Amino acid sequence: MDNMDATTDKLIELARLRGLIRPSDLKSLEIPRVSLTRAVRRGQLERIGRGLYGLPGREISAYGSLAEVAIRVPKGLICLLSALRFHGLTTQAPFEVWLAIENKALAPKLEFPPLRIVRFSGAALTEGVEEHIVDGVTIRITGVAKTVADCFKYRNKIGLDVALEALRDAWHEKRMTSDEIWRYAKVCRVANVMRPYLDSLT
C-alpha cells in the first residue's frame with residue numbers, strides 16, 4: 001500500500017467516525033488537504049457544502065441540517081423551534097436552523113442550511129444544554145425544560161401559541177418536572193410571564 005492509499009484510508013476512517021469532516025480536522029492527523037479533493041474525485045467522499053465533506057450514500061436523518069450547523073459553528077447552541085422539533089414538541093418544521101450564539105459573537109455566515117440567529121448571554125447560554133449524536137456528529141441543543149422557557153422569552157419571535165403548545169405537551173408527556181421548568185423560567189427571566197400558565201397545569 002503506498003502513502004496515498006494509506007492517507008485515503010485514514011481520511012475515510014475519519015469521515016466514518018465523525019460523520020462530517022472539515023479541512024481543519026485533517027491537521028492533527030497530518031493528512032494533506034489535497035487528499036480531500038482526490039477522494040471526492042474518486043467518489044470516496046462527497047462535498048456536502050463549502051468546506052464540509054462526508055461519505056457518499058451515508059444515512060442522513062431528518063436532523064442532518066443540525067449536524068451540519070454543529071460542525072460549522074461549534075460554539076453555537078441549537079434552540080427554540082429547531083430544539084422543539086428535535087424533542088418532538090411541535091408540528092412545525094422550521095426551514096431555518098435556530099441557533100443561539102453569545103451576545104457579542106460574530107454571526108456565522110453559511111450558504112446552507114439557512115440560520116436564524118438569536119443571542120443569549122450568561123446562564124441563558126450555558127444552562128440546560130444537552131449533547132446528542134446526530135448522523136455521527138455531536139450537537140449541542142437546549143433540553144426540553146430550557147427550550148420551553150426560551151419559547152416564552154422569545155414569544156414575540158415564535159408566537160405565544162407555539163410556546164403554550166410546547167408547555168402543554170412537555171408537561172402532559174412528563175418530559176419535564178415542575179422544578180425544572182421553574183428553574184429555567186427564572187434563568188430566562190420569564191417566571192412571571194409563565195406563572196399563570198403553569199398554575200393552570202398544576
Side-chain angles (χ1 to χ4, degrees), residues 19-20 59-103 108 110 112-202:
L20 295 172
E59 278 192 32
I60 302 171
S61 71
Y63 305 111
S65 58
L66 303 187
E68 287 185 39
V69 170
I71 282 272
R72 289 183 169 154
V73 193
K75 288 186 175 169
L77 176 65
I78 291 153
C79 62
L80 293 162
L81 290 183
S82 296
L84 282 185
R85 180 80 179 154
F86 183 81
H87 293 303
L89 291 171
T90 182
T91 48
Q92 297 196 15
F95 74 95
E96 300 161 306
V97 174
W98 287 70
L99 193 73
I101 60 172
E102 205 269 325
N103 250 350
L110 301 189
F112 188 84
L115 294 179
R116 185 75 184 268
I117 298 291
V118 284
R119 293 183 179 274
F120 287 9
S121 61
L125 188 66
T126 56
E127 302 239 347
V129 177
E130 295 179 355
E131 291 190 344
H132 293 269
I133 304 288
V134 171
D135 299 342
V137 174
T138 301
I139 66 163
R140 297 173 70 250
I141 190 164
T142 52
V144 170
K146 174 66 163 56
T147 303
V148 171
D150 285 339
C151 287
F152 277 89
K153 184 169 186 170
Y154 290 89
R155 61 196 180 281
N156 294 341
K157 282 185 192 284
I158 66 165
L160 182 60
D161 53 332
V162 175
L164 287 171
E165 179 194 26
L167 174 65
R168 280 195 296 266
D169 288 354
W171 183 259
H172 292 309
E173 290 169 22
K174 296 185 167 56
R175 304 280 301 280
M176 61 186 185
T177 65
S178 179
D179 286 351
E180 283 170 336
I181 190 60
W182 274 117
R183 179 185 164 198
Y184 295 117
K186 285 171 187 159
V187 165
C188 293
R189 301 195 177 113
V190 286
N192 289 341
V193 174
M194 293 184 71
R195 183 169 276 114
Y197 304 112
L198 284 165
D199 287 347
S200 71
L201 290 174
T202 50

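Below, all heavy atoms of this structure are taken into account, side chains as well, without hydrogens, waters or symmetry copies. For clarity, every value in this text was computed on a predicted model and none was experimentally measured.
Contacts classified as salt bridge (Lys or Arg N to Asp or Glu O under 4.0 Å) and involving residues 153-174 (residues at least two apart or in different chains) are given here: E173-R175.
For S121, the side chain to side chain contact (heavy atoms under 4.5 Å, CB included) partners at least two apart in sequence or on another chain are N103. For R189, there are no side chain to side chain contact (heavy atoms under 4.5 Å, CB included) partners, not counting sequence neighbours. In this structure H132 satisfies the side chain to side chain donor-acceptor pair (under 3.5 Å) test together with E130, sequence neighbours excluded. Checked against side chain to side chain contact (heavy atoms under 4.5 Å, CB included), A166 has the following partners two or more places apart in sequence or in another chain: L84, V148. The side chain to side chain contact (heavy atoms under 4.5 Å, CB included) check on E102 picks up K104, A105, L125, with sequence neighbours excluded.
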Does D179 form a salt bridge (Lys or Arg N to Asp or Glu O under 4.0 Å) with R183? I'd like the steps, not just the answer. CA-CA 6 Å; D179 286 351; R183 179 185 164 198; over 6 Å; no
As a quick check of understanding, evaluate side chain to side chain contact (heavy atoms under 4.5 Å, CB included) for W98 and I117, giving each step before the final call. CA-CA 6 Å; W98 287 70; I117 298 291; over 6 Å; no
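In this structure, CZ in F152 is found 8.5 Å from CD1 in I158, a value given to the nearest 0.5 Å. Summarising the geometry, atom CD1 belonging to I101 is positioned 4.0 Å from atom CZ belonging to R119; distances are rounded to the nearest 0.5 Å. Atoms CG and CD1, from L80 and I141 in turn, are 10.5 Å apart once rounded to the nearest 0.5 Å.
Separation of the F120 and Y154 ring centroids falls under the 6.0 Å cut-off.
A donor-acceptor pair under 3.5 Å links the side-chain atoms of H87 to the main chain of T142, judged by distance alone.
Side chains of T147 and L89 form no contact here, defined as non-hydrogen atoms less than 4.5 Å apart.
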